[in-house]
**Student:** 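Just passing along the structure, written as structure tokens.
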There are 2 protein chains.
Amino acid sequence: MKYEEAKIKFISTWGSLGSLWGINKAMAQIQALLFISTKPLSMEEIMKELQISRGNTSMNLRQLIDWGIVTKEIIPGERREYFQTEKDVQELARVIAKERSRREIQPVIKILKDVSSIEDDGTEKTNELIKQTKALHELTETADAMINKMVNHKQNWVTKSILKLIK
Amino acid sequence: MKYEEAKIKFISTWGSLGSLWGINKAMAQIQALLFISTKPLSMEEIMKELQISRGNTSMNLRQLIDWGIVTKEIIPGERREYFQTEKDVQELARVIAKERSRREIQPVIKILKDVSSIEDDGTEKTNELIKQTKALHELTETADAMINKMVNHKQNWVTKSILKLIK
DNA sequence: TTAAACTTTCAATAATTATTGAAAGTTTAA
DNA sequence: TTAAACTTTCAATAATTATTGAAAGTTTAA
């Protein structure tokens, strides 16, 4: 496998993995392209590389900026804007985990809490609903907290300690 | 909020959360319905409760069985099949994490490994590709291993230890 | 066997989500 | 100011994914 093939493979794999971290294909591909680029890229360059339209590129770049994983780079003397992504994987993981938690997990936790707090009328079905949603609420809250804590430590001594602990 | 309202809210929330654990809406809703049911349900009952077609119910039930979180229950003297889901949240989390890892994360890890092992021709762009995909490969592999290990311990002494460690 | 009571399959269709591209908007240099 | 060089917006369209429902298949009781 040579450079070009590897590059295409990486970008398309990372694109289809987008669903796993909650973003769409084009957004993930743009991030992937910037991630392996040796320099910031312009919108024109991104469009050309990924074969996507101007509108699509513009919207998805804006979303990536909104997520906080892509930044605009102003190159002196240049009219057009250039873009670059966070290059450190640990920091990338931190931002993604935090955003996903905020956008998707927190709202669910809130609803689980509400649902599990309904008045117990003593019937079997109400009992079951309360019991099960309460268990789900606790699990979700714990898992969310753990992932965030984990990923928030830049140095990985914690990771190492945890790995040692659970091996 | 009364039982019926809470039930509907829970099922629709869990349904839309499906994307987070990699399954579709109907599949997640069926699982949610079974999760708070006090007894196994027939296909007829599931269709009626969720207002979905027979075909849809049949296919998604099959998928849930395939994932290993729903089982058929034979009730003596009854012709039709009944279904129930795993009721223990810890076990549920274990199965989901394992399946997601197997179906989605493992294939990506393999590709990252391949891409990061291409021959280094000494150019800057090849260097960057190798460096960045290697970092991503390590991170993905570590995260996957951690989540699986974590969720694999039924007792939660590990969870507690980890929480203490990272707080 | 047969026929009733069920489940599964799958082509057609509906719903959802992503993408295009042209028009409108904005910025900058002269 | 103006016009060239850019970016953003958004209605139309394409692509993808989920759902339906009728026909085919299977199982069981008699």
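Hydrogens, waters and symmetry mates are skipped; everything else that's a heavy atom, side chains included, is used. The chains referred to below are lettered A, B, ... by the order of the sequence lines, with proteins before strands, and numbering in each begins at 1.
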**Student:** Determine, for A:Glu141 against A:Lys113, whether the closest basic-nitrogen to carboxylate-oxygen distance falls under 4.0 angstrom.
**Tutor:** no
**Student:** In whole angstroms, how far is the P atom of C:dT7 from the CE atom of B:Met43?
**Tutor:** 5 Å
**Student:** Rounded to the nearest Å, what distance is computed from the CG atom of residue B:Asn56 to the P atom of nucleotide D:dA18?
**Tutor:**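 Those two atoms, CG and P, are 10 Å apart.
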**Student:** CE of A:Met59 versus P of D:dC10: gap in Å, rounded?
**Tutor:** 8 Å
**Student:** Here's a test of your reading of the structure: between A:Lys25 and B:Glu44, which maps to the more 5' nucleotide of DNA chain C?
**Tutor:**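 Nearer the 5' end of the strand: B:Glu44.
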**Student:** Which one is paired to D:dT16, where only Watson-Crick or G-U wobble pairs with both distances under 3.5 angstrom count?
**Tutor:**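 Partner of D:dT16: C:dA15.
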**Student:** Just checking A:Glu4: does its CD atom have more than 12 heavy atoms from other residues, nucleotides or ligands closer to it than 6.0 angstrom?
**Tutor:**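 Result for CD/A:Glu4: enclosed.
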**Student:** Nearest-Å distance, CG (B:Asn60) to C1' (C:dT7)?
**Tutor:** 15 Å
**Student:** With sugar-phosphate meaning primed atoms plus P, OP1 and OP2, does B:Glu81 contact a base, only sugar-phosphate, or nothing at under 4.0 Å between heavy atoms?
**Tutor:**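 Sugar-phosphate, no base atom in range.
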**Student:** Identify the residue among B:Trp67, B:Phe83, B:Trp14 that makes a side chain to side chain contact (heavy atoms under 4.5 Å, CB included) with B:Gln31.
**Tutor:** B:Trp14
**Student:** Rounded to whole Å, how long is the line connecting atom CD1 of B:Ile74 with atom C1' of C:dT7?
**Tutor:** 12 Å
**Student:** Side-chain heavy atoms nearer than 4.5 Å, only ILVMFWY residues, links allowed to pass through others: does that put A:Ile147 and B:Ile96 together?
**Tutor:** no
**Student:** To the nearest angstrom, how far is B:Leu50 atom CG from D:dA18 atom C1'?
**Tutor:**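 Taking atom C1' of D:dA18 as the reference, CG of B:Leu50 is at 15 Å.
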**Student:** Taking CG from B:Asn24 and P from C:dT16, how many angstroms apart are they, rounded to a whole number?
**Tutor:** 13 Å
**Student:** Answer yes if the side chains of B:Thr38 and A:Glu128 hold a donor-acceptor pair under 3.5 Å, and no otherwise.
**Tutor:**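 Side chains of B:Thr38 and A:Glu128: no pair found under 3.5 Å.
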**Student:** In whole Å, I'd like the distance from the CZ atom of A:Arg62 to the C1' atom of D:dT9.
**Tutor:**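 Atom-to-atom, A:Arg62 to D:dT9, this comes out as 8 Å.
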**Student:** Using nucleotides 22-27 of chain C, report all nitrogen or oxygen pairs with the protein that are shorter than 3.5 Å.
**Tutor:**
residue	atom	partner	partner atom	Å
C:dT27	O2	A:Arg79	NH2	2.5

